[in-house]
Chemist: 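Once you've had a glance at the structure underneath, I'll fire off some questions.
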Amino acid sequence: MGSASRKAGTRSKAAAKRAQRGSSNVFSMFEQSQIQEFKEAFSCIDQNRDGIITKSDLKETYSQLGKLNMKDEELDEMLKEGKGPINFTVFLALFGEKLNGTDPEESILNAFKLFDPNGTGHVNKDKFKQLLLTQADKFTPEEVEQMFAVTPIDVAGNIDYKSLCYIITHGDEKED
């Protein structure tokens, strides 16, 4: 076992160097305030304050959050995403990939398209209400009414979901 761990040590040093090179522009992806928040999150997770997030750091963090039975495989999966030791730069890069990889507006539009097989750009208000009241995280009738209050609905009772997605992701301009 001794020689295997030595080999792993040299490989991860090279991986760390590669990771530093590859993510030098990662800081430009975030505002300074966001970087500060990530830094705080990182130091909360880095329990032993050595600048690297390890499996024991993750395990300890989860147990503090009340999740005591984290499987080693789950933790290994998380650590594998870093492709080497997870220092702050790698941590930031992982978040950058996750946050930049998905355009929230695009994701929401794609979800609505499931209810619009003919690609009209509209979904029927009553059908949509039925879905909200009965599926997954069920909405209360009050929540549905609150949502419909800011939802662009035409005279035929169809929701213009492209406009709705814009409101969800950019806010409702009318509020000023």
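These figures come from a predicted structure and were not determined experimentally. Reckoned from all heavy atoms, side chains included, excluding hydrogens, waters and symmetry mates.
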Chemist: Heavy atoms, side chains only, cut-off 4.5 Å: are Thr151 and Phe128 in contact?
Modeler: no

Chemist: Looking at every heavy atom in both His122 and Asp160, which two are closest together, and how far apart are they?
Modeler: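 Closest pair (atom of His122, atom of Asp160, distance): CD2-CA, 3.6 Å.
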
Chemist: Taking all heavy atoms of Gly51 and all of Phe42, pick out the closest pair and write down the distance.
Modeler: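 The pair with the smallest heavy-atom distance is O-CZ, 3.4 Å.
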
Chemist: Apply side-chain hydrogen bond (donor to acceptor under 3.5 Å, both in side chains) to Gln47 and list each qualifying residue two or more places apart in sequence or on a separate chain.
Modeler: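 By the side-chain hydrogen bond (donor to acceptor under 3.5 Å, both in side chains) rule, Gln47 matches Thr61, Gln64.
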
Chemist: For the pair Ile86 and Leu94, evaluate side-chain contact (heavy atoms from CB on, under 4.5 Å) and give the outcome as yes or no after the intermediate values.
Modeler: CA-CA 9 Å; Ile86 300 182; Leu94 289 171; 4.3 Å; yes

Chemist: As an exercise, state the distance from CG of Leu58 to CG of Asp46, rounded to the nearest 0.5 Å.
Modeler: 10.0 Å

Chemist: Do NZ/NE/NH1/NH2 and the carboxylate oxygens of Lys55 and Glu74 come within less than 4.0 Å?
Modeler: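 Judged by the 4.0 Å cut-off on N to carboxylate O distance, Lys55 and Glu74 do not form a salt bridge.
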
Chemist: Within the supplied structure, the quantity of interest is the number of heavy atoms (other residues, nucleotides, ligands) at a distance under 6.0 Å from Phe88 CZ; does it exceed 12?
Modeler: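 Yes.
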
Chemist: Would you say the ring centroid of Phe91 lies under 6.0 angstrom from that of Phe95?
Modeler: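 Yes - the distance between ring centres of Phe91 and Phe95 falls below the 6.0 Å cut-off.
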
Chemist: Heavy atoms only: give me the nearest Leu75-Met70 pair and the separation to one decimal.
Modeler: CD2-CE, 3.8 Å

Chemist: Taking atom CD of Glu73 and atom NZ of Lys80, what is their separation to the nearest 0.5 Å?
Modeler: 10.0 Å

Chemist: How many angstroms lie between CG in Asp57 and CD1 in Ile45, if you round to the nearest 0.5 Å?
Modeler: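 It comes to 9.0 Å.
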
Chemist: Can Ile52 be reached from Met78 by stepping across I, L, V, M, F, W or Y side chains whose heavy atoms are under 4.5 Å apart?
Modeler: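 Met78 and Ile52: separate clusters.
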
Chemist: Return yes if some donor-acceptor pair links the side-chain N/O of Asn118 with the main-chain N/O of Thr120 below 3.5 Å, else return no.
Modeler: no

Chemist: So, using side-chain hydrogen bond (donor to acceptor under 3.5 Å, both in side chains) as the criterion, who are the partners of Asp72 when residues are at least two apart?
Modeler: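 Counting only residues at least two positions away or on another chain, Asp72 forms a side-chain hydrogen bond (donor to acceptor under 3.5 Å, both in side chains) with Lys59.
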
Chemist: Go through Phe115 and Lys127 one step at a time and tell me if the side-chain contact (heavy atoms from CB on, under 4.5 Å) criterion holds.
Modeler: CA-CA 9 Å; Phe115 306 113; Lys127 278 196 187 130; over 6 Å; no

Chemist: Atom CD1 in Ile159, atom CG in Asn124: separation rounded to 0.5 Å?
Modeler: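 If I round to the nearest 0.5 Å, the distance is 7.5 Å.
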
Chemist: Only one of Glu143, Met147, Lys138 forms a side-chain contact (heavy atoms from CB on, under 4.5 Å) with Leu132, so which one is it?
Modeler: Met147

Chemist: Quick one: pull up NZ in Lys67 and CG in Leu65 and give me the separation to the nearest 0.5 Å.
Modeler: 10.0 Å

Chemist: Should Leu133 and Pro141 count as side-chain neighbours, where that means a heavy-atom distance under 4.5 Å?
Modeler: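 A side-chain contact under 4.5 Å exists here.
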
Chemist: For the residue pair Ser63 and Leu68, what are the closest heavy atoms and their distance?
Modeler: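 It is CB-CD2, 3.4 Å.
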
Chemist: Can you tell if the side chain of Tyr161 reaches within under 4.5 Å of the side chain of Lys113, non-hydrogen atoms only?
Modeler: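 Yes. Closest side-chain heavy atoms under 4.5 Å.
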
